[in-house]
Every structure is written in structure tokens, then in C-alpha cells.
Amino acid sequence: MRRGATAAVAAARALVAAGAGVATVLDAAGDAWSDRAGGTSGALWGAILESLGKETTDLNTPSSINIAAGVRRATAAILEFGAVVGDKTMVDVLVPFNDAFSQGVADGASLFETWRAACAVADDAAAATADLLPRMGRARPHAEKSLGTPDAGATSLALIIREIGGALLDPSPQN
């Protein structure tokens with residue numbers, strides 16, 4: 001996670017400094033995360049960022065509708081890897097986040113209100129993975145030993161969603 005996230009941030013910062021648009025930045029960040037993190041985790045995070053980028057352009061700021069479409073595309077891409085809700089994976093956060101965010105956008109709530117509400121759903125979903133037995137992914141061999149511990153991928157996704165929400169609420173450049 002650390003190597004992938006660090007590479008994605010470095011790629012994004014370089015492109016933003018060069019004046020690249022949102023679609024290009026997200027695509028490059030996805031490639032960098034995937035390449036540097038490696039393994040399934042790298043492929044998953046790369047797919048999420050690249051999916052988000054495919055629903056944006058380089059010409060303007062993405063709308064709530066673009067972002068919701070990107071989250072739906074990202075969810076579909078991750079589900080292609082085979083996990084379903086209840087497997088104790090990041091899917092247990094991504095699907096409810098997607099549902100809550102898409103519903104908020106459909107209801108006409110602002111991007112900030114919608115993200116904040118969906119972020120709370122993601123946090124709750126990540127915590128709820130503590131009650132699940134892993135049926136897929138890295139935690140699967142731990143079986144019953146993992147009960148009481150939230151899934152690391154689900155927790156990471158919820159934390160990243162929260163950080164993105166913070167950036168949406170305070171769009172000033174971050175270090």
C-alpha cells in the first residue's frame with residue numbers, strides 16, 4: 001500500500017505541476033500505483049484510479065455526476081476480480097460507498113454533503129468487516145482468527161475515501 005500510494009502521489013503531483021488535467025492525472029496515478037505496489041493490491045488500486053479517470057476529462061472539473069459514474073465504474077472493475085459483499089475485502093466498503101454516493105447524487109445533494117454521508121457509510125462498513133470470516137484475499141487463510149479484526153483492505157479504502165473527502169472540503173494544494 002505504501003509503495004503504491006507514494007508512487008501514485010508522486011505521479012499525480014508531477015502531472016499537476018505540469019498542468020495536466022484530471023483524467024490524465026488519475027490514469028497516471030493508477031498506473032504508478034499498480035506498477036509500484038504490484039500484486040493484487042496494486043491491480044485493484046490501479047483499476048480504481050483508472051476507472052475514475054475514464055469518467056472525467058482534462059478540460060474541466062468533474063461534476064458530482066462524473067464522480068458518481070467513476071465510482072460506479074471503479075466498483076464494477078473491482079467486482080470483476082471476483083469478490084462479493086461479505087467476503088471480508090475492500091468490496092465490503094466499496095459497494096455500500098458506491099450505493100450511498102450514487103443515491104446522494106441522484107437525490108441532488110451537493111458533492112460535499114454526498115461524499116460526507118457516503119464516507120460515514122464507508123467507515124461503518126469497514127468496521128463491520130470485523131464480524132466477517134474472510135472468504136477471499138490475503139486474510140482468507142486466517143479464517144476464524146480474523147474475527148474481531150476489520151479487514152485491512154476495507155479499512156484502507158475507508159481511510160482513503162475520508163482523505164479524499166477532506167480534499168474536497170479543502171481543495172487547497174496539499175504538500
Side-chain angles (χ1 to χ4, degrees), residues 1-17 20-58 62 66-102 115 118-129 132 134-142 146 149-168 174-175:
M1 282 290 296
R2 176 180 275 166
R3 286 190 311 258
T6 300
V9 168
R13 284 187 176 149
L15 284 167
V16 167
V22 174
T24 298
V25 169
L26 287 169
D27 190 54
D31 283 345
W33 194 314
S34 183
D35 289 345
R36 187 68 177 113
T40 303
S41 175
L44 294 170
W45 285 100
I48 288 171
L49 291 171
E50 290 168 11
S51 294
L52 290 167
K54 287 179 180 163
E55 294 296 337
T56 63
T57 72
D58 284 333
N66 297 126
I67 295 170
V71 172
R72 281 192 302 277
R73 183 185 284 256
T75 301
I78 297 306
L79 290 173
E80 287 180 13
F81 284 85
V84 297
V85 172
D87 281 347
K88 195 168 186 166
T89 68
M90 71 166 39
V91 168
D92 293 297
V93 169
L94 187 56
V95 169
F97 173 78
N98 172 53
D99 293 347
F101 188 75
S102 293
W115 196 276
C119 185
V121 169
D123 289 340
D124 291 346
T129 63
L132 299 175
R135 297 187 303 219
M136 190 173 202
R138 208 178 333 188
R140 186 178 44 129
H142 299 291
S146 75
T149 303
D151 179 68
T155 301
S156 296
L157 179 56
L159 289 169
I160 289 171
I161 288 169
R162 181 161 296 287
E163 286 299 310
I164 292 169
L168 288 172
Q174 305 295 313
N175 292 327

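In what follows, every heavy atom counts, from backbone to side chain, and hydrogens, waters and symmetry copies are set aside.
Atom-to-atom distance recorded for T89:OG1 and I78:CD1 is 9.0 Å, nearest 0.5 angstrom. Separating the CG atom in D99 from the CZ atom in R72 is a distance of 10.5 Å, to the nearest 0.5 Å. Taken from SG in C119 to CG in D124, the straight-line distance is 10.0 Å, to the nearest 0.5 Å. Remark: F81 CZ to L44 CG distance equals 5.0 Å, nearest 0.5 Å.
In terms of heavy-atom proximity, R36 sits nearest to R3 at CG-O, 3.3 Å. Summarising the geometry of L52 relative to G70, their closest heavy-atom pair is CD2-C, 3.4 Å, with the distance given to 0.1 Å. Heavy atoms only, all atoms of each residue included: M90 and G153 are closest at CB-O, 3.8 Å. Contact detail for K88 and P150: the closest heavy-atom pair is CE-C, 4.3 Å. In this structure, S156 and M1 approach most closely via the heavy-atom pair CB-CE, 3.7 Å.
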Should I161 and V93 be marked as a side-chain contact (heavy atoms from CB on, under 4.5 Å) after you check the CA-CA gap, both sets of side-chain angles, and the distance that decides it? CA-CA 10 Å; I161 288 169; V93 169; 4.2 Å; yes
Check against side-chain contact (heavy atoms from CB on, under 4.5 Å), D151 and L132: CA-CA 9 Å; D151 179 68; L132 299 175; over 6 Å; no
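Evaluation of the side chain to side chain donor-acceptor pair (under 3.5 Å) test over residues 44-53, restricted to residues two or more places apart or in two chains, returns none. The salt bridge (Lys or Arg N to Asp or Glu O under 4.0 Å) pairs that include a residue from residues 76-87 are D87-R135, where partners are two or more places apart or lie in different chains.
A donor-acceptor pair is defined here as one N or O able to donate and one able to accept, closer than 3.5 Å; such a pair exists between the side chain of T129 and the backbone of A126. At distances below 3.5 Å, not a single donor-acceptor pair connects side-chain atoms of T75 with backbone N or O atoms of N98.
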Identify every side-chain donor-acceptor pair in residues 23-33 under 3.5 Å, counting partners at least two apart or on other chains, and give the distances.
residue, atom, partner, partner atom, Å
T24, OG1, D58, OD1, 3.2
T24, OG1, D58, OD2, 2.5

